[in-house]
Amino acid sequence: MRNIRLIIEYDGTNYFGWQRQPQGDTIQAVLETALERITGEKITVIGSGRTDSGVHALAQVANFKTKSKMTPLQFQKALNSILPKDIVIKEASDVDPDFHSQLSAKSKVYIYVILNRSYPSALERLRAWSIQDPLDLTRMEEAARMVIGEHDFRGFALSKLGVKTTVRRVLSAELRTKPDGRIEFEIEATGFLKGMVRLIVGTLVQVGKGKITPEDFREILESGERRNFAIAAPAMGLFLKEVKY
């Protein structure tokens with residue numbers, strides 16, 4: 001039995017997230033159906049983690065076991081020939097039998113894209129959060145630095161179901177400005193709670209709009225009380241950039 005690793009890029013707009021569900025298309029289900037068609041085997045695809053409905057991936061990592069003798073390149077080409085155009089296999093490779101895309105991961109990197117200018121974008125409307133009010137990036141950067149380190153992020157979780165602890169370790173968090181009003185928030189952590197990045201970004205935007213202060217942001221982080229200040233940014237601006245092993 002071989003273990004194949006996939007690096008996957010996808011536009012999550014038309015999917016109910018990564019994880020297989022009884023109703024609605026998911027990335028996992030579409031991949032498993034395609035692999036079953038190619039190999040004739042019932043295959044389970046294991047992803048590095050779940051992405052929510054509408055969230056995209058630049059390099060999601062997944063693995064599956066198979067008896068097929070196809071080369072990794074043949075798997076890549078075969079999958080790309082039958083997958084929907086919004087899911088692409090960037091790379092396929094043989095890996096050790098004990099490699100597990102989720103359990104072997106050391107950290108993950110997410111990017112959230114904000115388009116901060118006086119008009120929206122026709123081309124980026126499903127891949128960025130359009131905010132036309134001016135944002136104070138200095139105050140946002142001050143608040144963003146507060147999440148670095150080990151904290152209890154229960155105030156920045158959409159759901160705490162199924163987790164043993166809400167403590168997570170953030171390795172880095174940075175805001176970058178790009179041309180034409182594009183702002184990228186990049187965060188790397190050893191693990192994330194459901195909705196954690198979107199809640200952090202949404203609350204940073206509240207800081208940037210002047211509705212709350214950086215100290216209010218710190219209070220949410222330290223108290224774990226979200227109140228009405230922590231709001232979730234829309235899913236379409238979020239990208240899984242990288243999984244590190």
> Step by step, would you call N80 with V88 a side-chain contact (heavy atoms from CB on, under 4.5 Å)?
Replying inline: CA-CA 6 Å; N80 284 336; V88 171; 3.9 Å; yes
>> Please determine whether side-chain contact (heavy atoms from CB on, under 4.5 Å) holds for the pair L193 and K160, giving the CA-CA distance in whole Å, both sets of side-chain angles, and the decisive distance to 0.1 Å.
In response: CA-CA 7 Å; L193 299 167; K160 303 182 233 354; 5.9 Å; no
> Between I7 and V61, is a side-chain contact (heavy atoms from CB on, under 4.5 Å) present by the stated rule, with each step listed?
Replying inline: CA-CA 5 Å; I7 308 297; V61 180; 3.8 Å; yes
>> Is there a side-chain contact (heavy atoms from CB on, under 4.5 Å) between R20 and T44? Walk through the geometry before answering.
In response: CA-CA 10 Å; R20 188 192 313 107; T44 298; 4.1 Å; yes
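Put simply, NZ on K65 and CE on M1 are 7.5 Å apart, with the number rounded to the nearest 0.5 Å. Residue I111 holds its CD1 atom at 12.5 Å from NE2 of H56, rounded to the nearest 0.5 Å. Rounding to the nearest 0.5 Å gives a distance of 12.5 Å between CG of L204 and NZ of K209. Note that the OG atom of S48 and the NE2 atom of H100 stand 10.5 Å from one another [nearest 0.5 Å]. Atoms CD and CZ, on E215 and R139 in that order, are 10.5 Å from each other to the nearest 0.5 Å. Between the CG atom of L135 and the OG1 atom of T177 there is a distance of 12.0 Å, given to the nearest 0.5 Å.
Looking only at side-chain heavy atoms (C-beta outward), E150 and V167 come within less than 4.5 Å of each other. When side chains are defined from C-beta on, R168 counts as touching V163, because their heavy atoms get closer than 4.5 Å. For the pair V201 and I187, the minimum side-chain heavy-atom distance is 4.5 Å or more. Side-chain contact between R125 and P120 is absent, with no heavy-atom pair separated by less than 4.5 Å.
At a threshold of 4.5 Å between side-chain heavy atoms, the hydrophobic network of Ile, Leu, Val, Met, Phe, Trp and Tyr places V170 and L158 in one connected group. The hydrophobic cluster containing V205 also contains V207, counting ILVMFWY residues as joined when their side-chain heavy atoms lie under 4.5 angstrom apart, directly or transitively. I131 and I200 fall within a single hydrophobic cluster, where Ile, Leu, Val, Met, Phe, Trp and Tyr side chains are chained together by heavy-atom contacts under 4.5 Å.
Hydrophobic clustering, defined by side-chain heavy atoms of Ile, Leu, Val, Met, Phe, Trp and Tyr closer than 4.5 Å, groups I89 together with I4, L6, I8, Y10, Y15, W18, I27, V30, L31, L35, I38, I43, V45, F64, M70, F75, L79, I82, L83, I87.
With sequence neighbours excluded, no residue forms a ring-ring contact (aromatic ring centres under 6.0 Å, His included) with F185. For R182, the side chain to side chain donor-acceptor pair (under 3.5 Å) partners two or more places apart in sequence, or in a different chain, are E184. Judged as a side chain to side chain donor-acceptor pair (under 3.5 Å), and not counting sequence neighbours, S223 has no contacts. Considering only residues two or more places apart in sequence or on other chains, Y112 meets the ring-ring contact (aromatic ring centres under 6.0 Å, His included) condition with none of them. Qualifying side chain to side chain donor-acceptor pair (under 3.5 Å) partners for K211, counting only residues two or more places apart in sequence or in other chains: none. When the side chain to side chain donor-acceptor pair (under 3.5 Å) test is applied to T26, no partner is found at least two apart in sequence or on another chain. A search for salt bridge (Lys or Arg N to Asp or Glu O under 4.0 Å) contacts involving D216 returns nothing, not counting sequence neighbours. By the salt bridge (Lys or Arg N to Asp or Glu O under 4.0 Å) test, K42 pairs with E36, sequence neighbours left out. E142 is linked by a salt bridge (Lys or Arg N to Asp or Glu O under 4.0 Å) to nothing, counting only residues two or more places apart in sequence or in another chain.
Among residue pairs with one or both ends in residues 147-173, those qualifying as ring pair (Phe, Tyr, Trp, His ring centres under 6.0 Å) are H151-F153, F156-F217; sequence neighbours excluded. Applying the side chain to side chain donor-acceptor pair (under 3.5 Å) definition to pairs two or more places apart or across chains, those involving residues 194-204 are D52-K194.
At most 12 heavy atoms of other shown residues, nucleotides or ligands fall within 6.0 angstrom of atom CZ in R50. For CZ of R2, the number of neighbouring non-hydrogen atoms (other residues, nucleotides, ligands) closer than 6.0 Å is greater than 12. Annotation for L123: atom CG does not count as buried by contact number, only 12 or fewer foreign heavy atoms lying within 6.0 Å.
Formation of a donor-acceptor pair under 3.5 Å by the R127 side chain with backbone atoms of E124 is not found in this model.
Between N63 and N3, the shortest heavy-atom contact is ND2-OD1, 3.0 Å.
The side chain to side chain donor-acceptor pair (under 3.5 Å) with S107 is formed by just one residue from the set E188, E242, K244, R169; it is E188.
Side-chain contact of E41 with S68: a donor-acceptor pair under 3.5 Å is absent, judged by distance alone.
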